[in-house]
Amino acid sequence: MSVQQVETGPAAAEDQRPRANWKSWAGAALGLLVLALAAWGLKKISGQVTLADVIAEIEATPTHLIAFAAVSTFLSYVVLVGYDWFATRHLGYTKIGWPTLAAASFSSFTMSHTLGVTILTGGTVRYRIYTRAGVKPADIAMIILLCGWTFWLGIIFVAGIGLIVSPGLAEPIREWVPQGLEEWTGALLLGGVLAYTLLATVWRRSFKLLRYRFTIPDGKQTLQQIAIGTLDLALAGGALYILLLPVAGVPDLLTFLVIYAVAMVTGALAHAPGGLGVFELVIVGLMPDADKAGVLAAVALFRILYTFVPFLLGAGLLAVMEALAFRAARAIAADPTAGAPALTANKH
């Protein structure tokens, strides 16, 4: 196993309970600040576009573009399974089947995308599913951490490429931002990804994280993480970009993917359910030349395809799984000799 528990027992479990500290308070304050800025920005936007304009743009969106966006959304959720596949394999759980990985990935991501607060929502779902598969609670925490790190590697890599190849992100605020800042920022981001990949390749010692010994993924595995995160971002952002194709003033795809990445990160910092309001503000604000009603209509359709429909499916899947688990628990209680779950982890 790549993770080893150093302390066990009731006392250690008691110490592992989350506690409020200055970091959690700072995170909450940052979230409130972002939400306040979003509310202020949306108030300004609301004076430039009406709800009737947005509804008209939604109705005018070609059906085939909605279908293509739906396909891209579906493929992005397929790629999301790669997050859990990578994390469980790195931790040595090679016998967890694809149905379990897909259920954990889809249901957890749909919950966190819609409800926000990823650790509490998606983390709870993963805990419920993986404990039944024989995964230790400590390893579930590391699965969540690895999934998050895969996401960030994809975000940073795409942002770095986009800022170098298509450096138009800062045009709306050029009077405050010097020329060439985008290229330098992109080079810095890509340099950070390259440096981490090299470190992961040559530094193979474990280190202590909280009360566990952890070995970071090696260079080859890091490249896998970058590929998974990049493909996920490209497909999810691509779904929204497809819906934006009829809108005048939308930038090229690479620039838009950087905008999408910034919107995703800002929405996550706000801790609002699905980044509601914050995501829209960033998308509209970083595309000042695009028709605002058209952009908001595309984002509304995107939320239906990427957030609302998957959330309903994920909630239904969770309900079925919980019902099956309850039925199985009752069967075991009635007949304790019916069997116990098999251990699915490899012992290293």
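Here the structure is a predicted model, which is why all the values come from computation and not from measurement. Note: hydrogens, waters and symmetry copies are ignored here, and every other heavy atom, side chains too, is used.
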Does a side chain donor of either [X] or [Y] reach within less than 3.5 Å of an acceptor in the other side chain?
| X | Y | answer |
| --- | --- | --- |
| Trp149 | Tyr196 | yes |
| Asp84 | Tyr130 | yes |
| Tyr83 | Asp232 | yes |

Exercise. Passes side-chain contact (heavy atoms from CB on, under 4.5 Å), Leu91 versus Leu146? Steps please.
Worked result: CA-CA 10 Å; Leu91 296 175; Leu146 284 167; 4.2 Å; yes
For [X] and [Y], indicate whether the former's side chain and the latter's backbone hold a donor-acceptor pair under 3.5 Å.
| X | Y | result |
| --- | --- | --- |
| Thr88 | Trp85 | yes |
| Ser107 | Ala103 | yes |
| His90 | Thr215 | yes |
| Thr255 | Pro251 | no |
| Ser105 | Leu80 | yes |

Interatomic distance, [X] atom [atom1] to [Y] atom [atom2] [nearest 0.5 angstrom]:
| X | Y | atom1 | atom2 | result |
| --- | --- | --- | --- | --- |
| Thr150 | Gln224 | OG1 | CD | 10.0 Å |
| Gln225 | Leu153 | CD | CG | 5.5 Å |
| Cys147 | Trp152 | SG | CH2 | 15.0 Å |
| Asp139 | Thr131 | CG | OG1 | 12.0 Å |
| Leu199 | Thr222 | CG | OG1 | 9.0 Å |
| Leu240 | Leu305 | CG | CG | 10.0 Å |

Could I get the full list of side-chain contact (heavy atoms from CB on, under 4.5 Å) partners for [X], not counting sequence neighbours?
| X | value |
| --- | --- |
| Glu322 | Arg128, Arg132 |
| Leu313 | Phe106, Val309 |
| Leu75 | Val71, Leu235 |

For this session: Identify which one of Tyr77, Tyr260, Phe279, Phe109 satisfies the ring pair (Phe, Tyr, Trp, His ring centres under 6.0 Å) criterion when paired with Tyr306.
Result: Tyr77
Problem set entry | Contact check, side chains of Gln221 and Arg89, non-hydrogen atoms, under 4.5 Å | no
Exercise. Any side-chain heavy atom of Ile96 sitting closer than 4.5 Å to one from Val135?
Worked result: yes
For this session: Please check if atom CH2 in Trp184 has more than 12 non-hydrogen atoms from other residues, nucleotides or ligands closer than 6.0 Å.
Result: no
Problem set entry | Heavy atoms from other residues, nucleotides or ligands near CZ of Phe157 exceed 12 (cutoff 6.0 Å) |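 No, because the 6.0 Å sphere around CZ of Phe157 holds 12 heavy atoms or fewer from other groups.
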For this session: Specify the closest pair of heavy atoms between Ala263 and Ile283, including all atoms of both residues, with the distance to one decimal.
Result: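 Nearest heavy atoms, Ala263 then Ile283: CB-CD1, 3.8 Å.
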Exercise. Between Ile58 and Ala300, which heavy-atom pair has the shortest distance, and what is it?
Worked result: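 Where Ile58 meets Ala300 most closely, the heavy atoms are CD1-CB, 4.1 Å.
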